[in-house]
Participant: 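Provided herewith is a single structure, encoded as structure tokens, for subsequent inquiry.
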Amino acid sequence: MDYQFRDIEKKWQQFWAENETYKVSNNSPKPKYYVLDMFPYPSGAGLHVGHPLGYIASDIFARYKRLKGFNVLHPMGYDSFGLPAEQYAIQTGQHPAITTETNINRYRQQLDNIGFSYDWSREVRTSDPAYYKWTQWIFMKLFNSWYNLITDIAEPIQNLIKTFETSGNIGVQAVADEDVYQFSANHWLQMSETERQRILLKYRLTYLRESTVNWCPALGTVLANDEVKDGFSERGGYPVEQKKMMQWSMRITAYAERLLQGLSTIDWPEPLKEMQRNWIGKSVGAMVDFSLSLTPVLSKEEGTKGEGFEKLGYQTADPAIWEILKQNSKANRQNQTEAESELWQYLQGSKIGYKISRQHAVGTYIADFICLSKGLVIEVDGGYYDTNSENDKLRTNALNQLGFEVIRFQNDEVITNPNAVAQQIKQMLNNLPDRKVLSFEEDLGEANSFSFGEGRAEAITVFTTRVDTIYGATFLVLAPEHELVEKLTTPDQKKEIENYIAQTKKKSELDRMADTKSVSGAFTGSYAFHPLSEKEIPIWIADYVLAGYGTGAVMAVPSGDQRDWLFAKKYNLAITAISDAQKDLNQQADPTKEGRYINSDLINGMTYAEASKALIKKLEETGAGKAKINFRLRDAVFGRQRYWGEPVPLYFKDGLPYLIKESEIPLILPEVDKYLPTESGEPPLARAENWRYAPVQKVLSFGEDLREATSLSEGENRVEAQAFDYELSTMPGWAGSSWYWYRYMASTEDRNENVFAPNKAIEYWKDVDLYIGGSEHATGHLLYSRFWNKFLKDLGYVGEEEPFKKLINQGMIQGRSNFVYRLIDNDGLSTNTFISHGHISKYKTTALHVDVNIVHNEILDIEAFKNSRAEFNDAIFIFEDAKILNSLSKGESRGETYICGHEVEKMSKSKFNVVSPDDIIEKYGADTLRMYEMFLGPLEQSKPWNTNGIEGVFKFLRKFWKLYHDDDFNFRVSDDEPTKAEYKALHKIIRKVEEDVERFSFNTSVSSFMICVNELTDLKCHKKKILQQLVIVLHPYAPHITEELWTLLGNKDGTLSFAEYPKFISEYLVENEFAYPISVNGKTRMNLNISLSLTQAEVENIVLNNEHIQTYLDGKNPRKIIFVKGKIVNLVV
RNA sequence: GCUCGGAUGGUGGAACUGGUAGACACGCAGGACUUAAAAUCCUGUUCGCCCUAAAGCGAGUGCGGGUUCGAUUCCCGCUCCGAGUACCA
């Protein structure tokens, strides 16, 4: 029989499914190999021909590795939480779980049709409670971990608590929030539970943080960057604004250095690694403080709100400038005046009955001594600070506003009689009531009511990678969101600043970054001191500075930075040249590092390297700055105000988050009446009825149906009074995909065990050997996955530092749209006449998308077109060869070809250019589809889809089939000994496929298969010794036809997948002659067959004596003869 | 702006470390088979010149230079296309 692909493919797909041919065992003597595809989101549109490109490549690789004797894990599953299903649910009311299920079923059917060798028993779905139980579990582990910089790994939070209990956080080096302050073990032990939790949250690897989001008030929801177009929501076109919101974040920044270092250990495409490097964005530079002028800005607000902590208020410092305060207070402690140290002898260790701290940050400055429990500040004047009665008054005022009393002593007073002073203090404390302290955390606005101006206590910190340009810094620019903006704004400038901030709010971060041509900003009215020149420089705000990068403030060096230059030009600010190599500064900035510095005081005449070093040294000496490694990577926002995602296994008690018990996961996604936010703008989960956390007395065990586990059964008690609110946001799309490759390692039996994947399985499979997917995941999925992997490794759950050893990017398959051209008549109206592409220049036409499925090689299927829409039923055509048309009488159809136009666009329904693999398979079969997608070109290159060459691939398979059959399609192979030529053809392809597969060059092996089959056809080869091996070699590419032939050759059904790949024998390829191209001056003139065993002299002799060559030499002797054995002979005349 | 990738016949592409540019396939043209069509098979097919044809000559891998006996491949400069990114912080 002729090649009956439909029957064959159905038969074998069924066979593989029924026999679980590709079910893989975790116990095998064979070496392991793990081939993984980036798993798909099951969209409603189904698979299009672009999707399988990578899957086919990985399947070929997996099948090839099986033939090479590996135990291959090749699984597939679905990233089934996501926005589209939720969008659809909002529109139709249909539960996302239902649409997702439908879509998955369709995907599965389509995937099955292509003949993939997936182990479907290991399928995962991220939206399955049995799966997301473990996503939640990892979240809990993250919540219960902190990053220890000393050991450079994540550790359980219990370790940290133990340290706190014994020595407070002194000596703890952790990646934590900026605003942690120092406390001792004693302090820790005195803290309330709430207080401790609040502190721990600053260390946890997942924590609450305020982040800026695209908020759409009309939709009541947060939008992704790509859902926002020019400040309006893509859906509905409503205005979008930037809003700050408390959100769950993941401390991925803790891993920045390791994420960066790991890149050099993995075999990924260089551009992809480069993308991650840029995203992580390590820069070595300096933090520099620009201290603020002593202009006090007192709040007009009165008093305090009286809100605060019940217990001791340690958190008295303004978190915005905590870093500076901390350093300065440390420095002050070391530089105490005589009077201060004298007095301290009488106050320390609660000698007067009250605990006194010294050099303690309060608000925005540092108090000499303080008693926190009573709220008394003790100042010794004439010490570190200059006596300045006006400033003292302002400070006293500000402290009073915060609920502090202030008592002042003179230096002399203290030195002459310290004991008397101490007693005076004690007496005052006795008379004071216990204090209630306002927390800065709870109301940052209050911080504004403090006076400025305690020496260096107030400063703007900038990060710069070009500290060498510091003398060129003529102004500072803050992000409009910077915490200090409000404080710095003088009354005169208030209006302007507010207007500008309102204007920026409308712009998305993306817009702000993209616009480099124009700059805008506003002046705050305040000035800062340049840390080296001590000159006053103005402070501006501008939206080209982003709050999330660095410190949200930059020192502007207009001579060296183009944006600063533009800004300086626009607002008429000074531009100071700093290097003798800078050119054309009136035209543009010049960021050169060449030359010697000028106008730069300390570093004049130095080179770049010298200057940077000298400056850092100086800044560190004066305490105004220090060298700093900065990463651009930001902590990842983890919460989504959506329904269709993993619930976060947390509840809130006293405003603080607590994990539910590990035995209580999975926390099942509850049912809601609508998939929209509530009227009050809360996420959809707020709609769930009775969805509150009530700790259960009895520990539940998880039965087969996990859903059951969280609903109450008889006898179990949840006390309603104890019910707490759950976290209402859900996890982002990347949560479920950040660890899924481990779930695949667990066999079906393993999944009953209460672990995400058993140790034994993880130890066996280790990591993914080959990962195939698109480069669009470069900075999302691939970074987060590496992060979670490292985290799981730190806690000892997995063994490998990097999860994906080798990665290949597949290119995108674009759509190729076809167009017909509708004639526009003289009145500008559309007609029903269509002009063939060759004639459109002569007419006025409009292009209409036409379904690519009725166009073949640009020729329109006229009948199909007429039937596609009622209005085309009686369409008139002006064909490509219009002469023929004119000479034909009506009804004749000969030679009518309508040529369509074409364009490359994204593949989408609306462009009528979506090609489903189903149609191709129906017409040509899965083997043809597989080979054709590979034949299309290099895997990693993007290319438009077209079916122009598919006939050739199909013909190849038929030709291949015919090798095993006679002219009447009876199966016929002989046992004759093959000829040398036949062996040669076979071994050429054996080697070629090995080479090509190893370097993922699948397109070239398809061509080589064609050459091989052409050769064997020409040789009329029907010999089993050749053809049986050929079946194995082709099997990874065309599994169905080869299975069928394998059986016909007398082998056992289904054994082909595990057959042994033929051994390449080089002897068959040895040539003793080569047709040398003979070139004269590099130009090939002729070919000569010369034995490969001859020496150079012998070859030269033959060539020079050749008559034909002599005509090119014109009787001259060649100046030089180039001879490369087996390659070329070149005569230089 | 920066970074990365790419540009080869009518089309997809091949040429792996500098060594016969255009393999393989599509399309197209011509032919065979057929009443005809489909299918199949054969021949030709980078362009230009010359030409009945053969043979030959010239040009040619986005453009302009360079290195080399020899460049699609290496170097310098540019153009266009695609992707990523916000650069300096």
Side-chain angles (χ1 to χ4, degrees), chain A residues 2 269-275 277-279 281 283 285-288 462-467 469 477 479 509-510 512-517 544-546 549-557 560-565 589 591 630 632 774-776 778-779 809 811-812 814 856-859 902 904 932 935-938 940-956 958-959 962 995-996 999 1001 1003-1014 1075-1087 1118-1124 1126-1133:
Chain A
D2 200 351
E270 206 44 55
L272 183 67
K273 290 207 251 184
E274 201 55 33
M275 250 185 256
R277 279 190 200 108
N278 289 337
W279 189 266
S283 52
M287 299 290 274
V288 182
V462 303
F463 176 72
T464 175
T465 51
R466 287 294 303 274
V467 69
T469 65
V477 189
E509 192 168 287
L510 222 69
R512 282 169 60 175
M513 294 186 294
D515 187 8
T516 55
K517 297 259 150 54
Y544 73 85
V545 176
L546 300 174
Y549 288 139
T551 59
V554 301
M555 62 176 208
V557 182
D561 182 282
Q562 186 58 22
R563 276 181 327 190
D564 295 343
W565 187 90
N630 209 47
R632 183 154 67 235
S775 59
E776 68 270 22
T779 49
N809 277 137
M812 221 201 303
Q814 294 146 309
H856 307 284
N857 295 319
E858 319 305 349
I859 298 168
H902 66 87
V904 172
Y932 182 62
F935 183 66
L936 221 45
E940 65 280 4
Q941 238 165 64
S942 285
K943 56 231 151 193
W945 175 259
N946 73 75
T947 51
N948 288 349
I950 199 163
E951 291 281 345
V953 174
F954 183 67
K955 274 191 224 167
F956 154 76
R958 286 194 64 199
K959 221 167 162 180
K962 280 179 82 174
E995 286 173 354
D996 285 354
R999 63 188 174 104
S1001 173
N1003 55 326
T1004 48
S1005 33
V1006 176
S1007 296
S1008 303
F1009 276 123
M1010 290 173 173
I1011 293 169
C1012 175
V1013 167
N1014 288 347
Y1076 279 95
I1078 314 298
S1079 47
V1080 178
N1081 289 337
K1083 206 158 279 214
T1084 310
R1085 292 301 174 179
M1086 64 177 300
N1087 283 27
R1119 197 154 48 88
K1120 195 174 169 190
I1121 299 174
I1122 314 286
F1123 172 73
V1124 183
K1127 292 268 187 196
I1128 201 167
V1129 179
N1130 188 15
L1131 309 175
V1132 187
V1133 186

Participant: Relative to the 5' end of RNA chain B, which residue comes earlier, A:Met1010 or A:Ile1122, by the nucleotide with the nearest heavy atom?
Facilitator: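 Going by which nucleotide is closer to the 5' end, it is A:Met1010.
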Participant: Which base, if any, makes a Watson-Crick or G-U wobble pair with B:A14, both distances under 3.5 Å?
Facilitator: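 WC or wobble partner does not exist here.
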Participant: Closest to the A:Met275 side chain: B:A39, B:U3, B:G84?
Facilitator: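 Shortest atom-to-atom distance from the side chain points to B:G84.
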Participant: Whole-Å distance between B:G5 C1' and A:Lys273 NZ?
Facilitator: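 After rounding, the gap between these two atoms is 17 Å.
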Participant: Please state how far atom CD in A:Glu951 lies from atom C1' in B:C26, giving the value in whole angstrom units.
Facilitator: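 Result: 9 Å.
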Participant: Between atom CG in A:Asn1130 and atom C1' in B:G70, what is the gap in whole Å?
Facilitator: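 Distance, rounded to whole Å: 6 Å.
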Participant: What is the separation between atom CD1 on A:Ile950 and atom C1' on B:U11, rounded to the nearest whole Å?
Facilitator: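 So the two atoms are 15 Å apart, to the nearest Å.
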Participant: Base, sugar-phosphate alone, or nothing: which one does A:Val1132 contact when heavy atoms must sit under 4.0 Å apart?
Facilitator: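 It contacts sugar-phosphate atoms only.
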Participant: Considering every strand and a 4.0 Å limit on heavy-atom distances, what is the contact class for A:Arg277: base, sugar-phosphate, or nothing?
Facilitator: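 The residue A:Arg277 makes no contact with any strand.
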Participant: With both distances kept under 3.5 Å, what pairs with B:C28, Watson-Crick or G-U wobble?
Facilitator: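 Looking at the geometry, B:C28 pairs with B:G44.
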Participant: Please work out whether the ring planes of A:Trp945 and A:Tyr932 are parallel, tilted or perpendicular, with thresholds of 30° and 60°.
Facilitator: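 Answer is perpendicular, since the angle exceeds 60°.
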Participant: Return the nucleotide paired to B:C69: Watson-Crick means purine N1 to pyrimidine N3 with N6-O4 or O6-N4, wobble means G-U with N1-O2 and O6-N3, both under 3.5 Å.
Facilitator: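 By the stated definition (distances under 3.5 Å), B:G19 pairs with B:C69.
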Participant: Contact class for A:Tyr1076 vs. all strands (heavy atom < 4.0 Å): base, sugar-phosphate, or nothing?
Facilitator: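 Result for A:Tyr1076 = nothing.
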Participant: Counting only Watson-Crick pairs (N1-N3 plus N6-O4 or O6-N4) and G-U wobbles (N1-O2, O6-N3), all under 3.5 Å, who is the partner of B:G56?
Facilitator: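 In the structure as shown, B:G56 has B:C49 as its Watson-Crick or wobble partner.
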Participant: At less than 4.0 Å, is any side-chain N or O atom of A:Lys955 found next to OP1 or OP2 of B:C26? Yes or no.
Facilitator: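 For A:Lys955, the contact criterion (side-chain N or O under 4.0 Å from OP1 or OP2 of B:C26) is met.
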Participant: Which one is paired to B:U34, where only Watson-Crick or G-U wobble pairs with both distances under 3.5 angstrom count?
Facilitator: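 Its partner is none (no Watson-Crick or G-U wobble pair with both distances under 3.5 Å).
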Participant: Could you walk me through whether A:Met555 and A:Thr469 pass side-chain contact (heavy atoms from CB on, under 4.5 Å), step by step?
Facilitator: CA-CA 9 Å; A:Met555 62 176 208; A:Thr469 65; 3.6 Å; yes
Participant: Send over the distance from A:Phe954 CZ to B:A25 C1', rounded to a whole Å.
Facilitator: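 Spelled out: CZ on A:Phe954 to C1' on B:A25 is 15 Å.
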Participant: Taking only the P atom of each, what is the distance from B:U72 to B:A21 in whole angstrom?
Facilitator: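 Nearest-Å result for B:U72 against B:A21 at atom P: 8 Å.
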Participant: For nucleotides B:U45 and B:G10, find the distance between their P atoms and express it as a whole number of Å.
Facilitator: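 Nearest-Å result for B:U45 against B:G10 at atom P: 15 Å.
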Participant: To the side chain of A:Asn1003, which of B:G13, B:C24, B:A39 is closest?
Facilitator: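 Within the option list, the nearest is B:G13.
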Participant: Specify the separation, in whole Å, of atom NZ of A:Lys943 and atom P of B:G82.
Facilitator: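 Computing the A:Lys943:NZ to B:G82:P distance gives 18 Å.
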Participant: Is the backbone of A:Pro938 close enough, under 3.5 Å, to the side chain of A:Lys943 for a donor and an acceptor to pair up by distance?
Facilitator: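 Yes.
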Participant: For A:Val554 and A:Val545, work out which heavy atoms get closest and say how close.
Facilitator: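 A:Val554 and A:Val545 have their closest heavy atoms at CG2-CG2, 3.8 Å.
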Participant: For B:A25, take OP1 and OP2 only and decide whether either is under 4.0 Å from a side-chain N or O of A:Asn1014.
Facilitator: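 Answer yes for this pair, as a side-chain N or O of A:Asn1014 is under 4.0 Å from OP1 or OP2.
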Participant: Among the nucleotides B:U3, B:G5, B:U40, which one has an atom lying closest to any side-chain atom of A:Pro271?
Facilitator: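 That would be B:G5.
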Participant: On a whole-Å scale, what distance lies between the C1' atoms belonging to B:A14 and B:C69?
Facilitator: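 It works out to 26 Å between them.
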Participant: Roughly how far apart, to the nearest Å, are B:G19 and B:U73 at atom P?
Facilitator: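 Pairwise P distance, B:G19 against B:U73, rounds to 11 Å.
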Participant: Which nucleotide in the list B:G19, B:A14, B:C16 gets nearest to the side chain of A:Ile1128?
Facilitator: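 Selected nucleotide (nearest to the side chain): B:G19.
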Participant: In whole Å, measure the gap between the C1' atoms of B:G1 and B:U17 for me.
Facilitator: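 Between the two C1' atoms, the distance is 36 Å.
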Participant: If you check every side-chain atom of A:Pro938, which of B:U20, B:A86, B:A14 has the closest atom?
Facilitator: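 My answer, after comparing the listed nucleotides, is B:A14.
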Participant: Nearest to the side chain of A:Arg999, which nucleotide is it out of B:C16, B:G12, B:G13?
Facilitator: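 Of B:C16, B:G12, B:G13, B:C16 is nearest to the side chain of A:Arg999.
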Participant: Determine which nucleotide pairs with B:C80, using a 3.5 Å limit on both distances of a Watson-Crick or G-U wobble pair.
Facilitator: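 The base-pairing partner of B:C80, which may sit in any strand shown, is B:G6.
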Participant: I need the minimum non-hydrogen distance between A:Pro269 and A:Asn809, along with the two atoms involved.
Facilitator: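 Looking at all heavy atoms of both residues, the shortest contact is CG-OD1, 3.6 Å.
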Participant: Whom does B:G1 pair with, Watson-Crick or G-U wobble, provided both distances fall under 3.5 Å?
Facilitator: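 Result: B:U85.
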Participant: Using 4.0 Å as the upper bound for N to carboxylate O, is an ion pair formed by A:Glu951 and A:Arg958?
Facilitator: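 No, A:Arg958 and A:Glu951 are not salt-bridged.
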Participant: May I have the distance from A:Asn278 (atom CG) to B:G5 (atom P), rounded to whole angstrom?
Facilitator: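 Atom-to-atom, A:Asn278 to B:G5, this comes out as 13 Å.
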Participant: From the set B:U3, B:U85, B:A15, return the single nucleotide nearest to any side-chain atom of A:Thr1004.
Facilitator: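 Nearest nucleotide to the side chain: B:A15.
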Participant: Distance between the C1' atoms of B:U67 and B:C76, in whole angstroms?
Facilitator: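 These two C1' atoms come out 11 Å apart once rounded.
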Participant: Quantified in whole Å, what is the P atom distance between nucleotide B:C50 and nucleotide B:G58?
Facilitator: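 B:C50 and B:G58 have their P atoms separated by 16 Å.
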Participant: Classify A:Ile1011 by what it touches in the nucleic acid, base, sugar-phosphate, or nothing, heavy-atom distance under 4.0 Å.
Facilitator: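 Answer is sugar-phosphate: A:Ile1011 comes under 4.0 Å of backbone atoms only.
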Participant: Take A:Lys1127 and A:Ala286, find for each the nucleotide of RNA chain B with the closest heavy atom, and name the residue whose nucleotide sits nearer the 5' end.
Facilitator: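 Of the two residues, A:Lys1127 wins.
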Participant: Using side-chain heavy atoms (C-beta onward) and a distance below 4.5 Å, is A:Val953 in contact with A:Met1010?
Facilitator: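 Yes; the side chains approach each other to less than 4.5 Å.
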Participant: Do A:Asn1014 and A:Lys959 come within less than 4.5 Å of each other through their side chains, counting heavy atoms only?
Facilitator: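 A:Asn1014 vs A:Lys959: side chains touch.
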Participant: Within this structure, what is the CD-to-P distance between A:Gln941 and B:G5, rounded to whole angstrom?
Facilitator: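 Rounded to the whole Å, the gap is 13 Å.
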Participant: For B:G44 versus B:A54, give the span between their C1' atoms, rounded off to a whole number of Å.
Facilitator: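 About 15 Å, rounded to a whole number of Å.
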Participant: Is the base of B:G13 syn or anti, if syn means a glycosidic angle within 90° of 0?
Facilitator: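 Nucleotide B:G13 adopts anti.
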